[in-house]
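Have a look at the structure below, then the notes.
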2 protein chains.
Amino acid sequence: MPILYERGLDGVGVAGLCAAVGVSKETLYRHFGSKEGLIEAVLEARSDRVTRWLRTSAEAAGEDPADQLAAVFDALADWHAEPDFRGCALLNAAAQHHGAPELDLAARHLERRLALLTEIATRAGATDPGALARQLLILVTGSTVVADQHPATPDAARLARQAALTLLQAAGSPPSSREPR
Amino acid sequence: MPILYERGLDGVGVAGLCAAVGVSKETLYRHFGSKEGLIEAVLEARSDRVTRWLRTSAEAAGEDPADQLAAVFDALADWHAEPDFRGCALLNAAAQHHGAPELDLAARHLERRLALLTEIATRAGATDPGALARQLLILVTGSTVVADQHPATPDAARLARQAALTLLQAAGSPPSSREPR
DNA sequence: CTTAGATCGAACCGATCGGTACGATAACAG
DNA sequence: CTGTTATCGTACCGATCGGTTCGATCTAAG
């Protein structure tokens with residue numbers, strides 16, 4: 001459903017959606033019940049897809065947490081560089097319809113990203129993996145928004161990657177700077 | 001114009017806007033020409049306001065760049081804690097109407113934030129103030145989005161503040177870790 | 001072949017949309 | 001007082017919205 005992503009939830013009517021997919025209104029309404037139902041299904045599917053894709057990218061980088069974290073931001077960079085990149089569909093949807101369904105979907109989407117980042121932070125031996133993971137989530141989210149809306153920062157993912165690695169290193173074992181014996 | 005912020009650009013019609021402000025449609029159209037014109041004027045005014053507010057908060061913290069940076073994120077925390085916080089109006093608008101006017105306004109809004117952060121990064125003696133400032137911009141933007149859309153991270157600004165200070169410290173003079181003589 | 005279900009295109013529905021026109025009222029400058 | 005200007009409330013416009021209905025067409029199971 002790229003047209004919903006490109007034009008926004010309210011930027012295209014049901015008739016336009018049907019035309020873009022090559023389906024009649026009756027069929028669409030029997031399958032999804034309403035435009036909202038269609039939107040939720042599309043967003044859910046998209047969240048699944050990108051979550052799997054991000055996790056796959058991380059795991060393909062090997063077992064080292066720092067490598068995995070770097071791979072996450074490299075994957076984001078590839079995404080941001082796609083010609084029709086328009087920001088995160090889930091976050092955009094929540095910004096448009098700030099009601100229960102879209103807001104919940106976006107929250108669950110972020111929760112899934114947080115889960116991946118928490119695993120990485122934990123395996124990296126961070127003192128407070130939860131806090132570090134949330135900071136990384138802020139970097140992931142922020143770099144995606146900035147890459148979309150601030151043309152003067154097209155390399156947001158690269159900068160976020162560097163910041164993430166700095167935070168990861170700093171969060172290792174801050175109380176003592178001794179070398180491990 | 002809080003109603004536009006609360007319900008979204010497409011969530012309220014011109015009639016509703018007029019009712020909320022206590023003005024007739026004719027008056028609104030003579031002053032702004034169209035709903036789009038009204039939206040642009042409102043967003044522009046809001047961008048001015050929050051930009052000034054953020055700069056004032058920073059300057060009130062004294063002259064130390066680290067203190068100023070911390071103050072910026074403290075100000076964000078206050079904002080995020082407001083009961084009717086709904087994310088950044090400029091970013092939301094760009095997510096809704098991804099067309100020329102709103103996208104440009106959001107880009108200019110981020111540009112103004114970047115200017116403030118660049119000043120701080122420069123005065124802090126960062127090796128690459130531009131890069132550091134962009135990383136800080138990602139933290140500011142990301143923490144605002146996460147605070148809005150991820151209820152499990154209500155302290156996003158606090159986490160971002162800590163990350164920002166870590167980055168600031170790390171960006172000081174990374175090539176040598178010698179003590180200043 | 002027959003029948004049941006899915007799909008199609010198009011017509012149709014009431015509601016709302018952004019925007020305009022109008023006559024009345026109020027305020028104020030000469 | 002007179003004329004101008006701004007505002008008001010309301011009615012109105014064509015277009016589009018989300019959603020429903022209907023008859024025709026197709027497909028597959030019995």
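The chains referred to below are lettered A, B, ... by the order of the sequence lines, with proteins before strands, and numbering in each begins at 1.
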Protein within reach of the bases, or only the backbone? For nucleotides 19-26 of chain C, mark each nucleotide 5' to 3' as B, S or -, using heavy atoms under 4.0 Å. BB-B----
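- Both L117(A) and L165(A) are assigned to one and the same hydrophobic cluster, defined by single-linkage of ILVMFWY side chains at heavy-atom distances under 4.5 Å.
- Of the inter-residue distances, the one linking L17(A) atom CG with L4(A) atom CG reads 5.0 Å to the nearest 0.5 angstrom.
- Remark: R30(A) is not in phosphate contact with dA6(C), judged by side-chain N or O atoms under 4.0 Å from OP1 or OP2.
- At distances below 3.5 Å, not a single donor-acceptor pair connects side-chain atoms of S47(A) with backbone N or O atoms of L43(A).
- Computed from coordinates, the L28(B) CG to dG18(C) P distance equals 11 Å when rounded to whole Å.
- With hydrogens and angles disregarded, no donor-acceptor distance shorter than 3.5 Å links the side chain of E102(B) to the backbone of Q96(B).
- When each of E111(A), R108(A), R113(A), H109(A) is checked for a side chain to side chain donor-acceptor pair (under 3.5 Å) with H150(B), only E111(A) meets the rule.
- Side-chain nitrogen and oxygen atoms of H31(A) include at least one within less than 4.0 Å of the OP1 or OP2 phosphate oxygen of dT7(C).
- Within the nucleic acid shown, G22(B) comes within 4.0 Å of sugar-phosphate atoms alone, with no base atom in reach, counting heavy atoms only.
- Among the heavy atoms of the strands lying under 4.0 Å from T27(A) are primed sugar atoms or P, OP1, OP2 only; no base atom is included.
- In this structure, the NE2 atom of H97(B) is 12 Å from the C1' atom of dC17(C), given to the nearest Å.
- Rounded to an integer number of Å, the gap from L9(A) CG to dC17(D) P is 14 Å.
- Take A71(B) and apply the side-chain contact (heavy atoms from CB on, under 4.5 Å) test, not counting sequence neighbours, and it matches A61(B).
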